Amino acid sequence: MDFLDAARSRFAPALAPHLPEGESVESFLDLIRPARDAQFGDFQANFAMPLAKRAKKPPRDLAAEIVAAADLTDLFDQPEVAGPGFINLRVRDDVLAAETAKLAADERLGVPIVENPQTITVDFSSPNVAKPMHVGHLRTTVIGDAVCRILRLRGHNVIGDNHLGDWGTQFGMILYGYKNFRDDAAYQADPVTELARLYRTVNTLSDYHAAKKKRPKLTEVVEAKRQAVADAPPPADKKAKKALSKLKQEAGTAEEALAAADAKIAAVEADTDLAALAAAHPTLAAESRAETAKLHAGDAENRRLWEEFLPPCLAALQTIYDRLGIQHDATYGESFYQPMLAGVVDELLEKGIAEESDGAVVVRDNVDPAGKPVPGPFVVRKTDGAFLYGTTDLATVKHHVEELNADAMLYVVDSRQGDHFANVAATARRWGFNDTDFRHVSFGTVLGEDGKPFKTRSGDTIGLESLLDEAVERALAIVSENDDSKPDGPELDANERGDIAEAVGLGGIKYADLAHNRESDYKFSWDKMLSTTGNTATYMQYARARVCGIFRMGGVDRDALRDRFVADGGEVLLTDPAERAMALQLNRFAEAVREASRDHRPNVLTDYLFDTAKAFSAFYEACPLLKAETEDLKSSRLILADTTARVMHAGLELLGIRVIDRM
RNA sequence: GCGCCCGUAGCUCAGUUGGAUAGAGCAUCGGACUUCUAAUCCGGCGGUCGGAGGUUCGAAUCCUCCCGGGCGCGCCA
């Protein structure tokens, strides 16, 4: 049972007479929380202090009054009022035992279906087609998948949507590359690799030309900034000091930009083939854009090529998703919305929401639900008549609300796009989509060990596939080393080792990402994410594998044990503090799922699983299972172990992490 | 110039819309293996929550200022 939730509903009626005018009971019920220290019991209610202020009563008296009025004693021991007015709750042992027995028999492990299931679309992953996925896609993919799984378990109708970039400027580059640089044999043999090569080539050349063109200006800027720094008088006051430090920073930024441009130029000029191509195709950037425009305008050949390119690219993406165990329910790429875009802009213009500005169409003066201005303007049509991703996002809103009946739309996209999604949501509301809950589920950047965005040593972004390969490779080394050092010699064959390494390696990457608060940046560290100790996937997988090991050792079939326990009306016995803590922790699974879904924070769930694994270790240490004194105690403890394994399994599954029975 | 975010133990991070003595992991130090899997467990050390004011019964959390860092600012996504 979700005791926290139960306590909230029990306190609600007792609270009602003391509520200040116009305030909702929920905000006070939210002050019922897990006890921050076991000495205070299992849960604590903190609402007496703020309520007492309004009621002009001593908080301890009010607390006692509310406790007396609340119907609690069938679940909790007599509550204690402590300190300035905290109410401490302790679950009755007999209730805890009975509820734990129920949990053991419950397929949903106590997680209820929400009362009002919603249709929720979740935009996540959303890579560009024909550009290899890279480390930048990791968080949206991993967090988005976990968010979908958690909402789905809660009973919502979740539509995980892969908003593919299948219509953008990269296709113009690929079309140009295909028409000019194609290696036919390579394309026949492996279209995706060849298309990726073509994209890279065109992109490199395009960057080269741009860098060449920008270089004089950049040099000028660097000179000017350096000169300005040199000319600046010694700062006389704080303001001058700040200005100087800012100037120095700008000089540094300019130098970096110049260095980056030089690197791009050097990369091409060092390669005679590339240099020749660059010279032969001086206008390739503009021509690539023209190819994109032709595609968008319905050019027959480009359209045919686009249709030819797409399937193998999608299949390549699917290979990665399959490996990661990730599924989308829908794939409405940008191209899907293309026919609706003109209508979207026209409608916004008609309704006076959008206006023309310098030939473009923009939406101005957007405000967020709190009435705060959103930085704009929000461009929905370019001067040349082309549409932007904001236009596509608005068409997506219309489609998802009208065709999919979305009650809520979640965007699992990095935090730098906050302004963009604020504009999408604000425009959609002005457009009339007032009943839809738009949520930007934003996340921070993955940093390297140096604290800067995660790149290879040479400064390139890291491909997702090679990242996964490296994780599995490192995991295999750990698995093998551990297995080799087992006291009775290795237990696993090469196949098993490979399978475990896959689960541990990929699990490690996912878990490290999910265990951090999604809003913060985090440092990517192989050693930390694959560590066998601490808050890692490996530790969690091991904790569960240990339980499996116990059952193997004891020759006990878990399903049979559970069936017999249920059929016999078996009891859970709480004879030891560690046993009680374990039982309570298992009952908290529903609470953890609820809290994790509240603001879409998978790290709430990882914390819970870590606590559960620790609780099991303590329980396992303190309480003999297979060697328990009596048969009843043995069966009770095995049921606790079995339920622990099921909770770990269900929890890891919610995170998209595989479990392994032996490691 | 405008806007958003961040600063918590040596390191990496939690801290649940203001609650009791600020937590965890790693590292470090000390203990526990003829084991129910030691990929483990138990214990110790470690903090002016960037700084200064303010709000109140109570602040890491809210407000103001300062210091330090990151990011975003019409026709890329």
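Every chain is numbered from 1 and lettered A, B, ... according to where its sequence line falls, protein lines coming before strand lines. Quantities reported herein were computed from a predicted structural model and do not represent experimental measurements.
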What pairs with [X] under ring-ring contact (aromatic ring centres under 6.0 Å, His included), at least two apart in sequence or on another chain?
| X | answer |
| --- | --- |
| Phe443(A) | none |
| Phe11(A) | Phe47(A) |
| Phe3(A) | none |
| Tyr337(A) | His163(A), His399(A) |

- Would you tell me if any nitrogen or oxygen in the side chain of Arg598(A) comes within less than 4.0 Å of OP1 or OP2 on U17(B)? yes
- Indicate whether OP1 or OP2 belonging to A14(B) is found under 4.0 Å from a side-chain N or O atom of Asn603(A). no
- Note on the structure: side-chain hydrogen bond (donor to acceptor under 3.5 Å, both in side chains) filter on Asp661(A), not counting sequence neighbours, yields Arg544(A)
- Message: For Thr612(A), give me all partners under side-chain hydrogen bond (donor to acceptor under 3.5 Å, both in side chains), at least two apart in sequence or on another chain.
- Response: Gln585(A)
- Note on the structure: Here RNA chain B, pairs taken as Watson-Crick or G-U under 3.5 Å and shown with ( ), [ ] when crossing and | when to another strand, reads (((((((..((((.....[...)))).(((((.......))))).....(((((..]....))))))))))))....
- Message: With no hydrogens and no angle check, just 3.5 Å: does a side-chain donor-acceptor pair link Ser415(A) and Glu519(A)?
- Response: no
Atom pairs, protein N/O to nucleotides 1-6 of chain B N/O, distance under 3.5 Å:
{"residue": "G1(B)", "atom": "OP2", "partner": "Lys246(A)", "partner atom": "NZ", "Å": "3.4"}
{"residue": "C4(B)", "atom": "OP1", "partner": "Lys372(A)", "partner atom": "NZ", "Å": "2.8"}

Protein N or O to nucleotides 21-29 of chain B N or O, pairs below 3.5 Å:
{"residue": "U21(B)", "atom": "O4", "partner": "Gln39(A)", "partner atom": "NE2", "Å": "3.3"}
{"residue": "G23(B)", "atom": "OP1", "partner": "Arg36(A)", "partner atom": "NH2", "Å": "2.7"}
{"residue": "C26(B)", "atom": "OP1", "partner": "Thr533(A)", "partner atom": "OG1", "Å": "3.4"}

- Message: The side chain of Asp30(A) is closest to which nucleotide in this list: U17(B), G74(B), A39(B)?
- Response: U17(B)
Determine all donor-acceptor pairs shorter than 3.5 Å in which one atom belongs to a side chain in residues 619-628 of chain A; sequence neighbours excluded.
none

What pairs of donor and acceptor atoms, side-chain ones from residues 357-375 of chain A against any protein atom, are under 3.5 angstrom apart with sequence neighbours left out?
{"residue": "Ser357(A)", "atom": "OG", "partner": "Arg364(A)", "partner atom": "NH2", "Å": "3.0"}
{"residue": "Arg364(A)", "atom": "NE", "partner": "Glu355(A)", "partner atom": "OE2", "Å": "3.4"}
{"residue": "Asn366(A)", "atom": "OD1", "partner": "Arg430(A)", "partner atom": "NH1", "Å": "2.9"}
{"residue": "Asn366(A)", "atom": "ND2", "partner": "Asn423(A)", "partner atom": "OD1", "Å": "2.8"}
{"residue": "Asn366(A)", "atom": "ND2", "partner": "Thr427(A)", "partner atom": "OG1", "Å": "3.0"}
{"residue": "Asp368(A)", "atom": "OD1", "partner": "Ala370(A)", "partner atom": "N", "Å": "2.9"}
{"residue": "Asp368(A)", "atom": "OD1", "partner": "Gly371(A)", "partner atom": "N", "Å": "3.0"}
{"residue": "Asp368(A)", "atom": "OD1", "partner": "Lys372(A)", "partner atom": "N", "Å": "2.8"}

- Applying salt bridge (charged side-chain N to carboxylate O under 4.0 Å, His left out) to Lys57(A) and not counting sequence neighbours gives Glu65(A)
